[in-house]
Every structure is written in C-alpha cells, then in structure tokens.
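Below is one structure; the comments refer to it alone.
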Amino acid sequence: MEIKLGRVVILVEDYDKAFDFYEKNFFCKKLFDSTMENGQRYLHIAFKSDDNVGIWFMKTEAAEQKNRIGKQTAGQPTIVIYTDDCKNLYTHVKKNGVKLIGEIVMTEENKFFHCYDLYENNLLIVELSQ
C-alpha cells in the first residue's frame with residue numbers, strides 16, 4: 001500500500017493573485033486549472049521540480065470561510081517549503097517585497113526563514129542538507 005501527500009488546501013480571495021504570488025516568489029507552476037459549469041474553479045499549483053505535491057487554492061464563499069483566510073493554522077506555519085539555496089531565495093523574496101517574519105537563520109545545523117504569503121499565511125522556508 002502506498003500513501004502520499006497530494007495537495008495542501010489554502011483559502012484565497014483571488015485565484016490569480018494567489019498564483020501570481022507563488023509563481024513570482026517560489027517559481028510555482030500550474031498543474032491543473034479548470035472552471036466547472038457551475039462556475040467553481042479548481043487551481044492546483046506545484047513547485048518547479050515536483051508535480052506530485054502541491055497547493056490547491058480554494059476561493060472562499062461563506063463568511064466563516066472568509067474569516068479563516070490567513071488563519072488556517074492560527075499563526076503557525078501553514079506550509080514548509082524546502083530549498084537547496086535558502087540565502088538566495090531569502091534575497092529573492094525580500095527584493096519582491098514579501099513580508100518577512102524576522103531575519104534568515106543560518107547556522108551550521110540550520111538555514112531557514114519565515115515569511116507571509118499575500119494572505120498572511122506563515123511560510124517556513126528550510127534549506128535541506130545535501
């Protein structure tokens with residue numbers, strides 16, 4: 001039996017703005033983008049090198065859902081993003097005006113930083129040891 005993660009759901013107000021943020025800052029691509037006859041849109045994105053795991057943007061409709069945008073994990077990291085170059089990615093997102101949560105941490109054992117996406121979801125970016 002094989003079990004693996006497919007998508008993480010992120011509540012959004014605007015599909016295109018959400019995609020633009022992740023494409024510009026984390027080099028994401030669209031995996032699936034379709035609008036059904038009832039008007040419901042399905043937009044799944046992935047990070048450049050992995051088509052198996054990604055984010056499914058879900059536009060909020062009800063007031064209760066709208067109140068949860070950016071608060072799905074009560075301020076804890078919503079997504080952990082792995083990179084092989086934390087310092088350059090930090091410089092890239094900082095240059096793009098992404099709201100950072102503190103400075104980059106670079107020690108012998110750890111390289112990581114936190115930032116917010118456009119809806120203030122806490123993203124944790126971690127450099128994996130090679």
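Residue numbers start at 1 and run along the sequence shown. On a predicted model such as this, the values are computed, not experimentally measured, just so you know.
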Exercise. What is the distance from atom CD1 of I3 to atom CE of M1, rounded to the nearest 0.5 Å?
Worked result: 5.0 Å

For this session: Starting at CD1 of I104, measure out to NZ of K94 and round the result to the nearest 0.5 Å.
Result: 9.5 Å

What residues, two or more places apart in sequence or in another chain, satisfy salt bridge (charged side-chain N to carboxylate O under 4.0 Å, His left out) together with [X]?
X: K48; value: none
X: K17; value: none
X: E23; value: none

For this session: Name all residues meeting the side chain to side chain donor-acceptor pair (under 3.5 Å) criterion together with N25; count only those two or more places apart in sequence or in a different chain, and write none if there are none.
Result: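 For N25 the side chain to side chain donor-acceptor pair (under 3.5 Å) partners, ignoring immediate neighbours, are N96.
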
Going by an N to O cut-off under 4.0 Å, is there a salt bridge joining [X] and [Y]?
X: D16; Y: R41; value: yes
X: D51; Y: K29; value: yes
X: E2; Y: K4; value: yes

Exercise. Under 4.5 Å between any side-chain heavy atoms of K59 and Q40, yes or no?
Worked result: no

For this session: Using the side-chain contact (heavy atoms from CB on, under 4.5 Å) rule, take N122 and I101 through it: C-alpha gap first, then chi angles, then the decisive distance, then the call.
Result: CA-CA 8 Å; N122 182 338; I101 306 170; 3.8 Å; yes

For this session: Look at the side chain of E127 and the backbone N and O of C86, then say whether any donor-acceptor pair between them is shorter than 3.5 Å.
Result: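 Yes, because the side chain of E127 sits within donor-acceptor range (under 3.5 Å) of the backbone of C86.
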
Problem set entry | All pairs passing ring pair (Phe, Tyr, Trp, His ring centres under 6.0 Å) where residues 104-125 contributes a residue, at least two apart |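 Residue pairs passing ring pair (Phe, Tyr, Trp, His ring centres under 6.0 Å), neighbours aside: Y90-F113.
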
Between side-chain atoms of residues 68-81 and protein atoms elsewhere (two or more places apart, or another chain), which donor-acceptor pairs fall under 3.5 Å?
from: Q72; atom 1: OE1; to: L11; atom 2: N; distance (Å): 2.8
from: Q72; atom 1: NE2; to: V9; atom 2: O; distance (Å): 3.1
from: T73; atom 1: OG1; to: Q76; atom 2: O; distance (Å): 2.5
from: T73; atom 1: OG1; to: T78; atom 2: OG1; distance (Å): 3.3

